[in-house]
Amino acid sequence: MLKLSDVDVFYGKVHALKSVSMHVEEGELVTLIGANGAGKSTTLKTISGMLRPQKGSIFFQGERIDGLTSEKIVNRRIAHCPEGRRVFPDMSVRENLEMGAYVRKNKTSIRSDLEMVFELFPILKERSQQDASCLSGGEQQMLAIGRALMLQPLLIMFDEPSLGLAPIMVEKVVEVIAELNRRGTTILLVEQNADMALRLSKRAYVLETGRIGIEGLSKDLLQNEHVQKAYLGG
Amino acid sequence: MVEFFQHVVNGLMIGGIYALMGIGLTLIFGIMNVVNFSHGEFYMLGAFGVYTLFTMLGLPYLAALLLTGIIFWFFGSIIERLILRPLQHQAIDVSMLATIGLSIFLSNLALIIWDPTPKDIGMPFPLIGVEIGPITLTPIRVFIFVAAMLLILGSHLFLRYNRFGKAIRATFQDREAAALMGVNTGLVNLVTFSWGTAIAAIAGGLLGPIFQVFPTMGTIVSSKSFAVVIAGGLGNFPGAILSGLLLGVAESLGAGYVSSGYRDAIAFILIIVVLIVRPTGLLGKARRLG
């Protein structure tokens with residue numbers, strides 16, 4: 001479904017991604033782990049069109065998408081739930097969710113997705129008229145996830161959804177991601193919490209200073225000595 | 001007491017114009033991160049636009065005003081595309097210098113086209129005052145105030161309820177996240193700047209019949225618009241409206257009770273006081289960064 005081949009990305013002179021190749025198949029839950037600054041967020045930003053690769057190609061459903069604007073990429077139903085939640089602080093919860101469906105036209109199906117999100121996160125329904133800045137960090141993460149769902153995405157990319165959340169909220173986020181995947185949404189998950197990410201996913205890639213170091217089945221990576229040492233605190 | 005109310009009413013009229021200038025400037029800053037020093041020149045050109053269309057060519061005043069707005073919408077689009085878009089990834093002072101250069105260019109261009117002698121637009125409405133109780137209102141002043149309020153209200157409703165208006169607000173609050181929703185943020189810049197330019201030109205066309213029209217009239221209006229925007233809280237839409245109206249009334253009262261010589265100083269006294277007492281502006285919220 002999604003395929004990156006030999007992607008090179010630079011931030012000015014910094015070589016952020018070095019010949020990164022990876023793929024995500026339809027219905028899969030794939031995770032990308034790695035240390036701070038390894039290039040995980042850069043990878044997602046490149047897929048969603050916020051950064052341009054200098055070399056290499058990105059294909060989504062057989063069509064080349066690198067070099068397209070983020071607007072065009074969103075139109076292909078790739079949702080990017082960014083690091084740090086990035087909800088619109090002075091818009092209401094409802095308006096935030098509506099922004100998630102910005103490129104969609106069909107009003108009735110938008111409304112039914114709104115109900116679906118409210119069902120998934122009842123707290124958002126309760127607070128639908130409040131500004132997003134009034135929500136707690138965990139609630140804002142729910143809102144960010146709900147907003148991504150409003151696109152009716154074929155692929156959702158989550159960037160550090162557990163960052164800065166209380167353990168109980170992390171559990172809720174994990175539950176939601178697993179549930180979305182069960183319902184058939186393809187997911188690419190970026191996490192620093194490698195243990196959580198590897199337990200949740202089927203396959204995984206490990207990014208090390210801009211390169212894919214290790215890849216394989218998540219259950220194998222959990223046993224891998226290097227991964228244990230570097231990312232699982234073992 | 002009657003005199004006091006008369007000053008307040010006159011002040012609200014000028015204040016409506018300041019508010020119009022302020023909302024354009026504040027949105028352009030908030031969305032594009034551009035400090036637009038040519039905002040006052042758009043105002044001046046709008047006044048000349050109405051002078052040319054209404055006084056010289058004899059179009060009806062309303063049509064001249066409307067046409068001026070449309071012309072300057074496109075003028076703003078061209079400026080955005082040719083000057084501001086190529087600079088959008090540069091530091092803020094680069095576009096600032098560009099708009100300073102543009103303002104010098106535009107006022108000198110006006111000097112060449114319309115020469116430096118002040119022009120009278122002439123009265124589009126009868127001069128007979130309408131008396132409401134003890135207060136006298138001339139139709140032109142009522143018209144200016146109502147037109148300014150309608151434009152502000154229209155802008156507010158657009159931003160609040162329209163789909164693209166919401167996209168503008170989203171871009172204002174988080175540009176990157178808005179792009180991730182599929183908002184064409186380049187188009188948001190273009191529309192915001194064109195709209196701000198058109199509104200400034202209409203403001204000039206509205207106030208033109210009351211004052212004289214000349215090529216350097218934009219300078220002081222530019223400075224006052226900045227005062228309005230900063231006093232209202234940078235990037236704050238309701239704040240700009242409130243401080244615009246407040247400035248108009250303060251000027252009118254100051255000119256009436258202290259001395260009309262101080263009229264233009266009041267804006268800057270206001271801005272100093274607001275910055276000392278409330279550094280984030282009248283309605284500005286203190287925000288934590290990060």
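So that the names make sense, note that chain A is the first sequence line, chain B the second, and so on, each numbered from 1.
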Residue, of B:Ala170, B:Ala178, B:Ala167, B:Gly186, that accumulates the most heavy atom pairs under 4.5 Å with chain A: B:Ala170
Distance-only polar pair, side chains of A:Asp8 and A:His15, donor-acceptor under 3.5 Å: yes
Interchain contact, A:Met91 with chain B, by part (heavy-atom threshold 4.5 Å): both
Cation over ring face, B:Arg169 and A:Phe88, 6.0 Å, 45°: no
Heavy-atom contact with chain A under 4.5 Å, split by part of B:Arg175: neither
Within the 6.0 Å centroid threshold, strictly below: B:Phe237 and B:Phe172: no
Between A:Ser48 and A:Ser70: side-chain donor-acceptor atoms closer than 3.5 Å: no
